[in-house]
Amino acid sequence: MSNGKAQFATRAVHSDTPDPGTGAHITPIYQTSTYAYGSFDRGAGLFDRSEQGFVYSRVGNPTTHKLELVMADLEGAEAAVAFSSGMAAISALTVSVLSSGDHVLVLGPLYGGTESLFEDTLARFGITSSHVTEAELEEALARGAAMLYLETPTNPTLQIRDLARIGRLAREHGVLSVADNTFSTPWLTRPLEHGIDVVVHSGTKYLGGHGDAMGGIVAGSTELMGQVRLEGLRHFGGTPGPLESHLFLRGIKTLPIRMERHCENAAALAGVLESHPAVARVHYPGLRSHPGHEVAARQMKAFGGMVSIELRGGRDAARTFLDSLRVFTQAVSLGDVASLATHPATTTHSVVPVEVRERLGVSESLVRLSVGIEDVRDLEGDLARALGAVEAVHAHAA
Ligand SMILES: *Cc1c(COP(=O)(O)O)cnc(C)c1O
């Protein structure tokens with residue numbers, strides 16, 4: 001039994017505490033841009049920071065503040081700042097802590113938008129970045145860097161990064177480590193507990209969970225989050241609307257049970273897919289055949305809801321497979337209660353040069369599945385039918 005702090009699932013459900021003003025059981029949607037000072041002196045006090053309170057919703061809103069408290073709690077962080085999208089969060093963090101001349105080490109592959117933020121946008125402002133492997137990391141850190149950036153599991157090939165080792169090495173060399181925890185969520189992995197300094201999220205995915213809201217989170221030390229709020233949020237203005245903050249607060253209450261089902265369904269499908277003759281390879285950290293399985297077992301509560309497969313037969317097989325799906329929807333994004341499927345090579349990763357794509361393992365036959373919380377028998381039936389269609393085309397061609 002716990003003594004004191006409640007367990008994660010209880011904290012997720014009890015994230016709303018009755019509104020102090022009205023007793024409303026659920027945090028109200030504070031649909032307001034500004035806040036009355038009450039008096040001349042309090043107004044001055046709010047601006048010289050001798051008084052605490054809300055001033056203007058770009059930098060703080062009570063509904064959004066609640067979301068920030070909940071996410072800090074669930075990630076085990078001192079503080080968090082909420083944003084209007086994952087990219088708003090990531091770009092605000094980088095411009096808040098990096099300066100011209102700084103170098104960023106990237107343990108890729110990264111989400112395409114983040115990759116291009118480092119490669120194209122920040123590079124124009126004199127912030128350079130380079131990709132390193134986990135094997136090269138120690139040497140690269142010793143040469144000096146301002147930030148180390150990673151995701152785990154990675155998109156779309158679901159590689160696993162060893163957070164404890166990476167966090168320790170980054171601290172030894174005084175480099176700020178940042179982990180994008182979108183694919184895992186704090187229910188499966190809490191990077192700060194493994195020695196990572198800052199966590200970022202696209203809340204749009206599992207935190208919201210219902211495919212109806214865009215949002216992002218940065219979580220870390222009070223000092224750093226103060227800086228992120230006063231620079232990244234205040235100057236770039238990527239503030240979430242209070243309705244979105246409400247949708248995230250609502251989504252987070254069911255995060256543990258949704259994740260349990262996502263993981264259960266994904267694990268079952270990965271096992272079935274691995275033995276199907278039309279499938280050349282399955283990428284899922286829960287499979288013993290996955291190179292990151294042992295590390296994943298150490299740092300994840302379960303293995304996530306994302307599965308990628310390589311089909312036999314290249315782009316044509318991928319087209320036949322995807323066009324034959326009826327329960328899975330062909331669309332980008334992930335973490336929705338409904339199952340989604342994408343062909344990274346022609347969609348999310350189409351702008352990545354072919355050589356780089358091949359190095360990343362994003363082949364023409366790769367399909368990424370975001371496994372939803374539907375009845376697994378329907379998902380299995382859908383995949384079996386689509387794989388059957390692939391086999392029929394192949395038999396015909398052969
Ligand atoms: C979707 C995603 C992002 C970007 O988030 P948005 O909410 O779309 O801006 C960043 N990182 C990862 C891992 C993602 O999946």
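Whatever order the structure lists them in is the order used to number ligands and atoms, beginning at 1.
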Residue Arg312 excluded, over 12 heavy atoms near CZ under 6.0 Å:
yes
Show the nearest heavy-atom pair for residues Thr185 and His201, with the distance to one decimal.
CA-CE1, 4.0 Å
Below 3.5 Å, can you tabulate the donor-acceptor pairs from side chains in residues 212-228 to any protein atom, sequence neighbours excluded?
| from | atom 1 | to | atom 2 | distance (Å) |
| --- | --- | --- | --- | --- |
| Ser221 | OG | Leu224 | N | 3.1 |
| Thr222 | OG1 | Glu78 | OE1 | 2.9 |
| Gln227 | NE2 | Ser96 | O | 2.9 |

Listed pairs under 3.5 Å, donor-acceptor, residues 233-245 side chains, sequence neighbours left out:
| from | atom 1 | to | atom 2 | distance (Å) |
| --- | --- | --- | --- | --- |
| Arg234 | NE | Leu230 | O | 3.0 |
| Thr239 | OG1 | Arg58 | O | 2.7 |
| Ser245 | OG | Thr64 | OG1 | 2.7 |

Protein N/O near ligand 1 N/O, under 3.5 Å, which pairs?
| from | atom 1 | to | atom 2 | distance (Å) |
| --- | --- | --- | --- | --- |
| ligand 1 | 5 (O) | Ser202 | OG | 3.0 |
| ligand 1 | 7 (O) | Gly86 | N | 2.8 |
| ligand 1 | 7 (O) | Ser202 | OG | 2.8 |
| ligand 1 | 7 (O) | Thr204 | OG1 | 2.7 |
| ligand 1 | 9 (O) | Gly86 | N | 3.0 |
| ligand 1 | 9 (O) | Met87 | N | 2.8 |
| ligand 1 | 11 (N) | Asp180 | OD2 | 2.7 |
| ligand 1 | 15 (O) | Lys205 | NZ | 2.8 |

When you check the gap from the basic side-chain N to the acidic O, do Asp73 and Lys5 get nearer than 4.0 Å?
yes
Mind checking who shares a hydrophobic cluster with Leu192, ILVMFWY linked at side-chain heavy-atom distances under 4.5 Å?
Val199
